[in-house]
Amino acid sequence: RLQFDDEMCDAADVKIVPATAAANCGVSSNYCHRSYRIGPPSDAYDVVQEMGRTDRDRTLPPGWNRYELHGSWPTVVSGYVRIMQHPSGPQRDRQLFRYFHMMKILFIPTQCFHVSLELFFEHCLSNEEKHACEKFCSFCTGGMDEFAGTFRKKELISVLCTIFNDKQPSTEKFLAMIKKARETIYEPGEVPKNVVGPIHGLCIQLLAAGIIDLGTSEDGKK
């Protein structure tokens, strides 16, 4: 609500509608200007559908509407477990491929998010040059730099080797161990004060990059 106070209107006038994925195709309102997702999307189609809930009247300037994704370690793990519980092996494999593909695009991006989505849907069928938005996504604005904070690669590798030396810990234990070692992992002066955000971000990036594996069995048990 503070964000709305600063950028849009009096927070008292803000109307919030909690919704499930059913809203992706069912909400078309000229009064919807913000869309927030909790947890990672299954694929790029979900992202575009959710982004499309905003700017329905197409009269506002670029950047006024907003789509935000708020991920955490538990929501990422939950999404993975849900997929692993699917009874069909081929379907499970397809869902996992899409899930991790989006994880890489969203959590370890190498280019503008808008460009990544364009390339995904065009399937390399167009030779048209893509242009970064430059100021509207968190990659172009540098916001992603704060997602996991500034950490030391060598020290992080050492911590990971220690964690996985004996056996694979549970996802909750892994998060706790990374939090405990944050003084070692992060640069002096860069140790996160709010451990929830960057520590979760670091764990998510490790998973998205394939450096760690959740090790969930096919029946979805951790």
Side-chain angles (χ1 to χ4, degrees), residues 1-7 34 36-42 47 66-84 96 99-113 116 132 134-217 220-222:
R1 287 186 177 273
L2 290 176
Q3 183 185 85
F4 285 117
D5 269 337
D6 293 339
E7 301 177 11
R34 295 287 190 271
Y36 299 91
R37 179 186 179 89
I38 306 300
S42 299
V47 172
R66 177 176 298 166
Y67 172 75
E68 292 185 11
L69 189 154
H70 296 266
S72 67
W73 182 241
T75 59
V76 168
V77 173
S78 177
Y80 179 83
V81 171
R82 176 185 55 77
I83 293 174
M84 291 300 291
L96 281 175
Y99 190 67
F100 279 99
H101 181 68
M102 282 309 300
M103 289 267 286
K104 291 179 180 179
I105 290 177
L106 295 172
F107 299 126
I108 47 174
T110 58
Q111 60 187 349
C112 170
F113 288 122
S116 294
E134 297 184 355
K135 60 179 180 179
F136 298 120
C137 76
S138 57
F139 178 86
C140 291
T141 61
M144 281 302 298
D145 295 340
E146 301 177 4
F147 182 67
T150 305
F151 55 85
R152 296 182 286 189
K153 182 177 179 180
K154 182 177 180 181
E155 284 73 8
L156 174 60
I157 293 174
S158 178
V159 168
L160 291 175
C161 289
T162 300
I163 291 175
F164 294 105
N165 184 43
D166 296 325
K167 61 180 180 179
Q168 180 166 302
S170 67
T171 56
E172 296 86 354
K173 182 66 174 178
F174 175 73
L175 178 64
M177 295 172 81
I178 292 294
K179 285 182 179 180
K180 185 177 181 180
R182 62 183 183 275
E183 297 281 351
T184 300
I185 295 172
Y186 285 88
E187 295 282 357
E190 299 291 337
V191 179
K193 295 180 180 179
N194 180 9
V195 298
V196 175
I199 297 297
H200 283 235
L202 176 57
C203 292
I204 292 172
Q205 286 188 337
L206 290 171
L207 179 63
I211 296 174
I212 63 173
D213 189 293
L214 291 179
T216 309
S217 61
K221 296 179 180 178
K222 291 182 281 185

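Contact between L175 and C203 at its shortest, heavy atoms only, is CD1-SG, 3.8 Å. Taking every heavy atom of both residues into account, P41 and L69 meet most closely at CD-CD1, 3.2 Å. Across every non-hydrogen atom of T184 and E155, the tightest pair is O-CB, 3.4 Å. Counting all heavy atoms, side chain and backbone alike, Q205 lies closest to A148 at OE1-CB, 3.3 Å. For the residue pair S116 and I105, the shortest heavy atom distance occurs at CB-CG2, 3.8 Å. Of all non-hydrogen atoms in T75 and S72, the two that sit nearest each other are OG1-O, 2.8 Å.
Using a 4.5 Å heavy-atom threshold, the side chains of E134 and C112 count as separate. A 4.5 Å side-chain heavy-atom check between Q168 and K173 finds every atom pair outside the cut-off. Considering only heavy atoms from C-beta on, R82 comes within 4.5 Å of S42 through its side chain. The shortest side-chain heavy-atom distance between M84 and L96 falls under the 4.5 Å cut-off. Side-chain atoms of Y186 and P198, non-hydrogen and from C-beta on, do get closer than 4.5 Å to each other.
Here the CD1 atom belonging to I178 is positioned 7.5 Å from the CD1 atom belonging to I212, to the nearest 0.5 angstrom. Distance SG/C137 to CZ/R66: 12.5 Å, rounded to 0.5 Å. Note: D145 CG to F139 CZ = 8.5 Å, rounded to the nearest 0.5 Å.
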Give the C-alpha distance, both sets of side-chain angles, the deciding distance and a yes or no for side-chain contact (heavy atoms from CB on, under 4.5 Å) between F151 and R182. CA-CA 9 Å; F151 55 85; R182 62 183 183 275; over 6 Å; no
Evaluate the criterion side-chain contact (heavy atoms from CB on, under 4.5 Å) for residue pair F147 and L106; output intermediate values, then yes/no. CA-CA 11 Å; F147 182 67; L106 295 172; over 6 Å; no
Intermediate values then yes/no, side-chain contact (heavy atoms from CB on, under 4.5 Å), M103 and V76: CA-CA 9 Å; M103 289 267 286; V76 168; 3.6 Å; yes
Working for side-chain contact (heavy atoms from CB on, under 4.5 Å), residues V191 and I185: CA-CA 8 Å; V191 179; I185 295 172; over 6 Å; no
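Between Y36 and H70, the ring planes are tilted. Angles from 30° to 60° get that label.
Results of the side chain to side chain contact (heavy atoms under 4.5 Å, CB included) test with F174 over L206, L207, L214 single out L206 as the only residue that passes.
In the displayed structure, E146 atom CD is contacted under 6.0 Å by at most 12 heavy atoms of other residues, nucleotides or ligands.
No side-chain donor-acceptor contact under 3.5 Å links E187 to the backbone of R152. Side-chain N or O atoms of T162 include one that pairs as donor or acceptor with a backbone N or O of S158 at under 3.5 Å. W73 places a side-chain N or O within 3.5 Å of a backbone atom of T171 that can act as its donor or acceptor partner.
Taking the centre of each ring, Y80 and Y99 stay at or above the 6.0 Å mark.
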